[in-house]
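Report on the following structure.
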Protein chains: 2
Amino acid sequence: MPRRTLPTAEDQAARFVRQREADRKATAEDYVELIADLLREEGEARAVDLARRMGVSQATVTATVGRLQRDGLVETKPYRGLFLTAAGTALAAEAKARHDLVVRFLIAVGLDAGTAEQDAEGIEHHASDKALTAFARFLSERGDTT
Amino acid sequence: MPRRTLPTAEDQAARFVRQREADRKATAEDYVELIADLLREEGEARAVDLARRMGVSQATVTATVGRLQRDGLVETKPYRGLFLTAAGTALAAEAKARHDLVVRFLIAVGLDAGTAEQDAEGIEHHASDKALTAFARFLSERGDTT
DNA sequence: AACACTTCTTAGCCTAGACTAACTTTCGGA
DNA sequence: TCCGAAAGTTAGTCTAGGCTAAGAAGTGTT
Ligand SMILES: [Mn+2]
Ligand SMILES: [Mn+2]
Ligand SMILES: [Mn+2]
Ligand SMILES: [Mn+2]
């Protein structure tokens, strides 16, 4: 059993602080990932479709996209969809790589595809680079080439 | 490569909706888990210590604990610490079991203990029961009895 | 018993992220 | 061409979760 003893207050605080940082980035990651997916698969990424796929109102998308624009990740051409800046494209690629790795890993470890997709949607934002490396190593040791 | 094709809008929306639900529960889980740990290890759980260990101001703890009280998880005796209700105790036990499982699993998969603790702090809130079952199975197949 | 220190609360502020309702703008088909 | 449906924006509201600054309330030590 781990956690026999409490970590120091400083260590524990640092963990929670970093975790809250990851939480704050999660929305941006999910949005740019979705926008990139839509651009690739559908040719365009409309705010309406984001709303539908995020399970959120259009007004929420407008507000969120506003923040993404403010943060230099997204550009909009009203009535002709959303686009990613260079930074947005890079973040989307990173998010997608992470997402796919986590999904493959969860499946390799015994999860069904549906649950893997569900859980990955949250877990992806909290897996450090070290964790991703470990996941990748695990997959390659299994000869997983999915 | 997974995600060759997009999920249906409904499926994808359901995932994000459930993920947001998990996010909303995360703070409560972390607080009651910490309170339980402090009660067990230190004999009492003071708001100051929570603030220190959560990496947050005391005012934030007051506000958050207020919500936990409203939600029937915590009771307070001013100047003598925080206590868990039956519901709070149950949630804490669940959270701790999940936390420890995730940590052990991440270590088994190749992570160092420090990173495992860090990542578990976020991942624990997004691992479904199915995932936890898979993690446990993985550990037992490895003969892991940590 | 008094006072300093610690603990806790209050007040006031902020941002993200969500909602509904109402409105405006554009697009496409008749 | 024009007009209804679709797309998008705006306004107003809410909660969670943060913060600082200031003050109140216990606690313990002398
Ligand atoms: Mn996600
Ligand atoms: Mn994702
Ligand atoms: Mn946690
Ligand atoms: Mn935890």
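Below, chains carry the letters A, B, ... as their sequence lines are ordered, and counting in each starts from 1.
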Quick check for you: among D:dG8, C:dC8, C:dC19, whose closest atom lies nearest to any side-chain atom of B:Val48?
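Taking heavy atoms from C-beta onward, the closest nucleotide is C:dC8.
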Nucleotide of C:dT20, D:dA21, D:dA16 approaching A:Ala59 most closely (side-chain heavy atoms)
C:dT20
Looking only at side-chain N and O atoms, does [X] come under 4.0 Å of OP1 or OP2 in [N]?
X: A:Ser57; N: C:dA18; answer: no
X: A:Arg67; N: C:dG17; answer: yes
X: B:Arg46; N: C:dC8; answer: yes
X: A:Arg70; N: C:dA16; answer: yes
X: B:Thr27; N: D:dG17; answer: yes
X: B:Arg80; N: D:dA25; answer: no

Determine whether B:Val17 and A:Val56 make a side-chain contact, defined as any pair of heavy atoms from C-beta on separated by less than 4.5 Å.
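Not in contact.
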B:Leu38 and B:Arg53, any side-chain heavy atoms less than 4.5 Å apart
yes
d([atom1], [X]; [atom2], [N]) in whole Å:
X: A:Asp71; N: C:dG17; atom1: CG; atom2: P; result: 9 Å
X: A:Glu21; N: C:dT15; atom1: CD; atom2: C1'; result: 16 Å
X: B:Glu44; N: D:dG26; atom1: CD; atom2: P; result: 17 Å
X: B:Leu82; N: C:dT7; atom1: CG; atom2: C1'; result: 12 Å

Step by step, work out the salt bridge (Lys or Arg N to Asp or Glu O under 4.0 Å) result for A:Asp49 and A:Arg52.
CA-CA 5 Å; A:Asp49 297 318; A:Arg52 240 188 304 270; 3.1 Å; yes
Can you find an N or O donor on one side and an acceptor on the other, under 3.5 Å apart, linking the side chain of B:Tyr79 with the base of D:dT27?
no
Nearest-nucleotide check on DNA chain C, B:Ala63 vs A:Ala26; residue mapping nearer the 5' end is B:Ala63
Given A:Asp37 and A:Arg40, is the salt bridge (Lys or Arg N to Asp or Glu O under 4.0 Å) satisfied, shown in steps?
CA-CA 5 Å; A:Asp37 284 349; A:Arg40 185 169 25 76; 2.5 Å; yes
Across the strands shown, which category fits A:Val56 at heavy-atom distances under 4.0 angstrom: base, sugar-phosphate, nothing?
sugar-phosphate
Of B:Thr60 and A:Gln58, whose closest DNA chain D nucleotide lies nearer the 5' terminus?
A:Gln58
